[in-house]
Structures are given as C-alpha cells and as structure tokens.
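Scroll down for the structure; my scribbles are underneath it.
Every chain is numbered from 1 and lettered A, B, ... according to where its sequence line falls, protein lines coming before strand lines. Below, all heavy atoms of this structure are taken into account, side chains as well, without hydrogens, waters or symmetry copies.
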Amino acid sequence: MRWSQAFIPTLREAPSDAEVASHIFLLRAGYIRQLGAGIYSFLPLAWRSLLKIQNIVREEMDTIGQEFHLPAIHPAEVWQASGRYQLMGGNLFRLKDRFQRDLCLGMTEEEVMAVIASKELRSYKQLPQIWYQIQTKFRDEPRPRAGLLRVREFIMKDAYSFDVDEAGLDLSYQKHDRVYRQIFDRCGLRYVSVEAHSGAMGGSQSQEFMVLGDAGEDMVALCQNCQYAANLEKASGHPAAVEDPATQAAPEEFPTPGLHTIADLAQFTGEPSGRLAKSLVYNVEGEIVLVLVRGDDEASEAKLGTAFGGREFRPAHPEEIVEHMGTPPGSVGPLHFAKPVKIMADQALRGRSNLTVGANRDGFHIRHVTPGVHFQPEWVDVRELRTGDLCANCSHPLQVSKAIEVGHIFKLGRKYSIAMGVKVLDAQGGEVIPIMGSYGIGMERILTAAIEQNHDKDGFWLPAAIAPFDTIIVPTNLGDTNIEVLSRQIYDRLRAAGRDVLLDDRDERPGVKFKDADLIGIPTRITIGKKAAQGIVEITDRATKTMREMPASDL
RNA sequence: CGGGGCGUGGCUCAGCCUGGUAGAGCACCUGGUUCGGGACCAGGGGGUCGGAGGUUCAAAUCCUCUCGCCCCGACCA
C-alpha cells in the first residue's frame, strides 16, 4: 500500500477524552474513531490488524472445531427459555420489530447454539462437537471505558462444546486451553492463565487468559514462586499471622462510646485491627446472614456470591440490622442476637481466639471471644486477597496486579442443554443430556492489550503477525531520484515476496514521516536516504529503536 | 444509578467570572523556498459557540430545561 493512496488520519495531539495509552494511540494512529459511548468505527489500519487476529483465531480454532455464523438479532423467546431474558437486565439490548414482537441483540450465544443442537443432534455418535463463530456481540454496558477496552459492540470469537459426559467436557476444555495458548502466542502477547470465578451460572471450572497491565479492569494474584495464579474474585491465600493471647479468657463486655469503625476500635483498645472481627450483615434473598472477616480484611463480592450458593444478596438495610441484631450498624457481633441469625466466618478467623467483636448493643463491644467456642459459624472463604498474602500452595508472597482479560474458557454444565431441550441417545439407547462448555476471545482486546504492552511516548509497535503492515518504507526525499527509484524497487520486491508493506510516498519532510512511522504500530522501518546511491538502506526495529545499515540487495 | 468534569472551525485550547456581534496554535487550500526527527515566507477557506427556551437594547458569556462525551464508583455472561 502506498501511503499517499491510503486513509491513515494520524493526529498530532491526543483527543482530550482519551486517558489510557491504547485509547490515545488508537485514535492518534488513525485506527479508530468514536461514534458514541462504547461504539467505535474501525478505520483501515485497525481493520487490517483485526482481520489478521481473526485469521489466526480461525486457523487455530479450525484444528479443533467448525466455524458457524449465527444471527446477532434474536427473538426474545430464545432468551426467555433460558431465563436470561430477565437475568441479563439492562445489559441486554432489546428492541421490537414492526409487529411489536420482542427481539434482542446477542451478547453471547449459548442459547442459539443449543437450539441448533436440540434440533439436530440425535445420537452420542455425533458427539463431541465444537462449534464456534467470530461475530459481533452487543452489551449495553453500564459504563463503557478506555477506548476499545470496554465497549458496547465488539467482535468475539465464541465457541461451544457438546459432550456426552464430564470426561468428554474435560477433553474439549483442554483442547481450548491448548489452542488458546497457541493463539495468544502467535499474536505475540505476554499473558498468564488464571483460575477464574465461575459465576452464578453453575460452571464447574473456569480459566481466564490475562495480559497484565494497569489499564486492565480485573485483578489477579500471582505467586512468584510456584505456578499459582488466580483472579482476585477466586484467589485464596493466607494473610500474615496475628498473635493471639495464649490463654482463653471469658468473654467480657466493655464500653466503646461512639466507636463504630475498625480503625477507631483498634486505636481505642491498643490492639492491631487483625485482632478484631469485622461483622458484615447481608440480606440473602430475604434471609439475614452475619459474615465475619478479620478486622484488617475486606469481603469479596464474588466470593460472597459463591458462599451464598449463587443466591441474590445485598448489604442489609439499617432497619433490618436493628431488627435482627438489636443494634444499629457499628456495634454488630456474633453473640446476643435479637432474632436468630445464620453466622458465616472467613477461614482466616479459624483457630483464632480472644477476639474483639461487636456486642449487638450500641456503644459496647466484647473481648475474649473465640470462634467455635462462643459461637458456631459456617466456615467460608470470603476475604479479598492482598499483595503480600502468602500463597495457599507454597506459602510464598503473592503479588496482586491489574490485568486485561483477553480470553475465558469454562465448563458450563447442562443449564442450556436442559433449557433448550438438547438430548441424544447413548450406546444403551437411553436419553442423555449433553454437557456444554463455553469459550470466548475478544478480538479488540487482543489489539488493545498488545498496544498496552508495547508502547512508548511516541507511539506503539505491534507484533508482525497482527500489525496492519509488517514493514514501512520511508524514503526521506522523493525529489532525489536515487531514493525514489530504490524505494520503489524495494517496495515491489518485498511485496512480491509476500510481505505486507506500506510505502510512505507522501511529499512530506523526513521528520513528519519518522514521527508517523513511530506512531502507527508497524514493527519494522526501512529508511532510504542519503546512501541510496550506494544501495545502502537502514533497518530500524521499532520496539528497541535500534538501527543498522545494510545493502538493499540483502533485504 | 450516585459523585466529579467537559461540550467554542478537523485536533488542542483561550474567551465566560465582570454580556457589546468569536480568537490562537496545529491541520487544510494556493504560490514559492526547503528536505534525516512534527520547516519557513506570503496569501486564503472554514465556526448556527451541543440543543431548546428565557432575561436583556444586546447572550459563547446570565438563568432554566435538555442532549452528548469523559473520569471515579455501583454494575458486569
């Protein structure tokens, strides 16, 4: 491609509404333009890159499955059948057709694939199946952000597996794990695979592929010693130990006038906050539950969801706390309820003794309270892990980092098979319900993550496999016949050799061309300048900005 | 949805407080000189100041409503 014929609208300055590096550079490099909140147009450079990413995904997926192309617009009935028409709430785009029939835009396609499976699959002999597509997804996100990182319309590779039994699902899952690694390797990403929270959908195992970076919205915990890596929604580890008094004393109520926070209490009692137990009260589908965590810990929303068995929950209202605890928030504890309440306690409190807790009496707390002795909790893992906690496997310190989720694989179970009536006959002639897996990769996320991990103040560089062009040729002065002729020769020769080359044949000064070349993500630059007469050109590696000269004939 | 910020030529912004008929840099067009890290000179085109209503002799500027975008949070298969 010759730049003079191309549409590459680069910007000298960053538009004011971009803050994240990938967002700034995608705009400045002329890759994308915004149409609305979380809605972007892909310009030619972005589309070339996204097509290369999609082709890598397609080539790898074709080794284990078959490509479909499903509708993006769905009758509401399909989503009503699985119950997700309600469950997805505002995130599902909804519309009506001319006959006032309800429709929605696909945000994922378990239901549609399951509809096909239910109508077409008859025998266990047809399984396993791995079906995938690369297609636009729509999600009415409450808050789109950071350019392409979180958008309302995006391109996803979504795949679904159907197996007769769990052993088959394990295999399909492993195939995706392997293929995903090949995809991300080929895309040149540095990534980690982490254990993920399966969510309330009843999945049994789930794994996310994460690219570390501050722009990310997820938090992952990584052990620097062993291979342990998990999303913070799932990660467990041991907090630093806190010393308790050796001998068990009797619970003793004492006045704590006006003290309602852990920090106030720690200061007042002279004890570290880890010696206190923090009491949180939740309404779990109408049931009031008291959750205790160590005073210096925070409860994780995702882990609470798991602890509550996937039931809906919210923090209890103050009136509910008064009704059940007999005291307003601030003095709540596990003893002396006004009404019986279920107690859950975080594992970090297991084996602890002589803790200080709320007295369920305004202005009072109780010291010398020992879980398991003075109250009987259900033990759960609900604490949010922090940097410096010790790995559950090997007791080395864990590091918590932000990360961008580029892929997610998980074992779905039979929820959609059952909902959509997928069933086949097994070898004995009995009906079995196939078990499903679900696997996704965000195309724009791969591009965004690559930019997040490969940029400097001047721009970014993409791995050659996903760059819009692998090489840019920069003639410094087209008025010089030697330069002009040599540039065109090299351009023709590289293209004939199958390279994806951009020739900057614009009538611009060298400085402008260099700045643009640094900006737009092309990994290799060939500069043709003063030594063209001797047949010498320069090769610059964008990532390192190292340059070497070589004869044009060696290219 | 709660909190904060911003809408003025394509981009970045000034002007608003204290009303008086819109400006800079970059970009763009023409001519010329230039040509290794975002050149220079001369000339030129382009803006219903997000929208609606109001106050006023007069509104980018003051008031009301409204739309949009960004950031933080809540939310997120």
Quick check: any donor-acceptor pair below 3.5 Å linking the side-chain of A/Glu13 to the base of B/rG10?
no
Under 4.0 Å, counting only non-hydrogen atoms across every strand here, what does A/Pro142 touch: a base, just sugar-phosphate, or nothing?
base
Within the structure shown, what part of the strands sits under 4.0 Å from A/Arg28 by heavy-atom distance: base, sugar-phosphate, or nothing?
base
Hits for ring-ring contact (aromatic ring centres under 6.0 Å, His included) against A/Phe469, two or more places apart or cross-chain, chain-then-number order -> none
Less than 4.5 Å apart, side chain to side chain, heavy atoms only: is that true for A/Ile116 and A/Trp131?
yes
Got a donor-acceptor pair under 3.5 Å from the side chain of A/Arg143 to the base of B/rG2?
no
Are A/Lys137 and A/Phe154 in a cation-pi contact, defined as NZ or CZ under 6.0 Å from the six-membered ring centre and within 45° of the axis?
no
Would you tabulate the pairs of protein nitrogen or oxygen atoms and nucleotide nitrogen or oxygen atoms of nucleotides 33-35 of chain B closer than 3.5 angstrom?
unit_1: B/rU34; atom_1: O2; unit_2: A/Arg509; atom_2: NH1; d: 2.9
unit_1: B/rC35; atom_1: O2'; unit_2: A/Asn477; atom_2: ND2; d: 3.3

Counting any heavy atom closer than 4.0 Å, what does A/Lys530 reach on the DNA or RNA strands: base, sugar-phosphate only, or nothing?
base
Could you check whether the side chain of A/Arg525 and the base of B/rG37 have a donor-acceptor pair of N or O atoms closer than 3.5 Å, going by distance alone?
yes
With no angle test and no hydrogens, is the base of B/rA77 tied to the side chain of A/Arg84 by a donor-acceptor pair under 3.5 Å?
no
Have a look at A/Gly90 and say if it touches a base, only the backbone sugar-phosphate, or nothing, with a 4.0 Å heavy-atom cut-off.
nothing
For B/rC16, the nucleotide meeting Watson-Crick or G-U wobble distances (both under 3.5 Å) is none
I need the residues from residues 146-157 of chain A with at least one non-hydrogen atom less than 4.0 Å from RNA chain B; give them sorted by number, or say none.
A/Ala146, A/Arg150, A/Met156
